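Comments concern the structure below.
Given the structure is predicted, the values throughout are model-derived calculations rather than measurements.
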Amino acid sequence: MSKVIIIGGGAAGMMAGVFAARNHHEVHILEKNEKLGKKVFITGKGRCNVTNACDTEELFPAMMSNPKFLYSSFYSFTPQDVMEFFEKAGVPLKVERGNRVFPQSDHSSDIIRALERELKKAGAKIHLHTAVQEIVKKPVTDSANTLESEATLTESGSDAGKGRKGKKSPDIQQEKITGVILTDGTFMEGDAVIVATGGFSYQSTGSTGDGYRFARELGLKVTDIAPSLVPLKTKEDYIPKLQGLSLKNTGLTIKNGKKVLYEDFGEMMFTHFGVTGPMILSASAHIGAKLAKAPNGELSAYLDLKPALTREQLDARILREFEAGPNKQFKNVIGVLFPSSLTPVMLELGGIPAEKKIHDISREERQHFIDLIKAFPFTITGMGEFKEAIITRGGVSVKEINPGTMESKKISGLYFAGEVLDLDAVTGGYNLQIAWSTAYLAAQAIRYCSLRSQ
């Protein structure tokens, strides 16, 4: 049995705590907030999109960063394993559009309570209002620890421990964890530390970048971070007029000049500053770097407001409305095609005077209006900030971490799990799957390390 310290009581920290405690370790979860799972509570608009019920191999295309690194994690703890875990923990689940998995209750609190019950049942100790100032390490001086470090790397498929006799590879663990120092100065001894501090998004939940600082202070590389899965800012003054309007089953195309950068289909919403919603958030993960490099820092975007209809079918639909009221004004006919708040903007952009009689509208005018419906334009000028971001892109470099154990290649007993790592995905439950899987793998790796050292 080892004493395991987990820094952070979010999704990854709680899941790691459950499995480490089930493996009979002495587990201490250190959470600086007044309760566990503050970010989990607000995910999925408070419903908690637990995972995606896809086959494991279908997870990888949804990853935006370092998908190959996650092979061992995902196959060790699959979406089906996650669903089984929560079902057994007393949370009935349901699968919605896009294989998104939610609690049947639609309450994220049920997920948090289930994890808390499992932690208590397994014997993990939870320390609230407890913040860590520093992770403490010391040199590995005895040959047994050095041999164990080399064995760990060799077993995971690394060549780091191989080489000519008398030469040490830079990846051999020449230091080991001894514990942590709390912000009140208390030293807590530990055999292993799992850093599960989250990223830099939703900082009000406690994700203030502590894990990045710990990693840097321990000599590990941290990649540049940026907000991801964020709303998009737009240029046009007619977008704020649509604030609060949600559109389902809408097509989205984003271009840089004539080059198509991203296409999707789904749900979105207009805001006072731009656009948001699941489809937009996923788009932000794909275009962030491209927007920064675009001419004038702008990208062109288009919504297909009637993606189920071809141009010909849409034209036929409009003609039917026109034929039913040839003497009506244009503004009194097209209202059946759009939500009420969208109609004034369509009239503004459509090129047909609102009072014009239907029988006076030319074919060319009608075709131009169809162009607008099939490619409603707006200009993307910026991304949301960290305070609006669902996740963080970037983090502790995966080159520093053993993908088969989540342990640092340089420091024995130091593990990382969840958003603190340079791992992120699109929306749909994939980011929580990263948290669950990496946490599970870290907890299991501590078990095997403990067994090997006995």
Side-chain angles (χ1 to χ4, degrees), residues 60-67 98 201 223-243 245-307 310-311 342 345-346 348-351 367-386 388-395 422-428 430-431:
F60 299 99
M63 300 299 114
M64 296 305 303
S65 305
N66 303 304
S201 58
T223 66
D224 293 339
I225 62 170
S228 190
L229 301 185
V230 288
L232 298 176
K233 299 176 182 178
T234 57
K235 183 178 185 178
E236 289 75 13
D237 58 7
Y238 55 79
I239 295 296
K241 297 177 183 178
L242 299 170
Q243 179 180 352
L245 172 63
S246 293
L247 298 177
K248 296 182 179 180
N249 303 321
T250 305
L252 171 67
T253 301
I254 300 176
K255 294 182 177 181
N256 186 354
K258 294 183 179 181
K259 184 179 179 181
V260 175
L261 300 179
Y262 183 76
E263 291 181 298
D264 200 1
F265 173 85
E267 183 178 349
M268 56 82 62
M269 184 176 75
F270 295 97
T271 71
H272 66 284
F273 59 82
V275 288
T276 188
M279 178 173 66
I280 300 298
L281 298 178
S282 288
S284 75
H286 287 268
I287 68 163
K290 296 168 184 174
L291 177 62
K293 297 177 183 178
N296 301 318
E298 297 180 348
L299 295 174
S300 301
Y302 304 89
L303 294 175
D304 185 345
L305 300 175
K306 301 290 181 182
T310 64
R311 287 186 60 87
L342 181 56
V345 174
M346 296 301 289
E348 177 185 337
L349 302 180
Q367 292 302 313
H368 176 73
F369 193 69
I370 290 172
D371 290 340
L372 176 63
I373 296 173
K374 298 297 284 183
F376 180 87
F378 59 94
T379 306
I380 300 169
T381 58
M383 309 270 287
E385 300 172 358
F386 273 113
E388 304 162 304
I390 293 177
I391 57 160
T392 304
R393 169 173 288 186
D422 181 13
L423 301 168
D424 65 286
V426 298
T427 58
Y430 300 106
N431 287 288

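Considering all non-hydrogen atoms of both residues, D424 and S228 come closest at OD2-OG, 4.0 Å. Considering all non-hydrogen atoms of both residues, A389 and S201 come closest at O-CB, 3.1 Å. Scanning both residues, P377 and L372, for their nearest heavy atoms gives CD-CD1, 3.7 Å. Residues V426 and N431 come closest through the heavy atom pair O-ND2, 3.3 Å. Nearest heavy atom pair, residue T223 against residue G394, reads OG1-CA, 3.3 Å. Between L232 and S284, the closest heavy-atom pair is CD2-CB, 3.9 Å.
One finds no salt bridge joining D224 and R393 here, because no Lys/Arg side-chain nitrogen approaches an Asp/Glu carboxylate oxygen to under 4.0 Å.
Considering only heavy atoms from C-beta on, F376 stays 4.5 Å or farther from T250 through its side chain.
Of the possible polar contacts, none joining the E267 side chain to the G277 backbone as a donor-acceptor pair under 3.5 Å is found.
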Would you list the atom pairs, donor with acceptor, under 3.5 Å between side chains in residues 251-260 and any protein atom, with sequence neighbours excluded?
none

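In this structure, CD on E236 lies 10.0 Å from CD1 on I380, to the nearest 0.5 angstrom. With rounding to the nearest 0.5 Å, the separation of CE in M269 from CD1 in I280 is 10.5 Å.
Residues Y238 and F270 place their aromatic rings such that the two centres sit no closer than 6.0 Å.
Under the salt bridge (charged side-chain N to carboxylate O under 4.0 Å, His left out) criterion, D304 pairs with K374, not counting sequence neighbours.
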message: Does E263 form a side chain to side chain contact (heavy atoms under 4.5 Å, CB included) with H286? I'd like the steps, not just the answer.
response: CA-CA 10 Å; E263 291 181 298; H286 287 268; over 6 Å; no

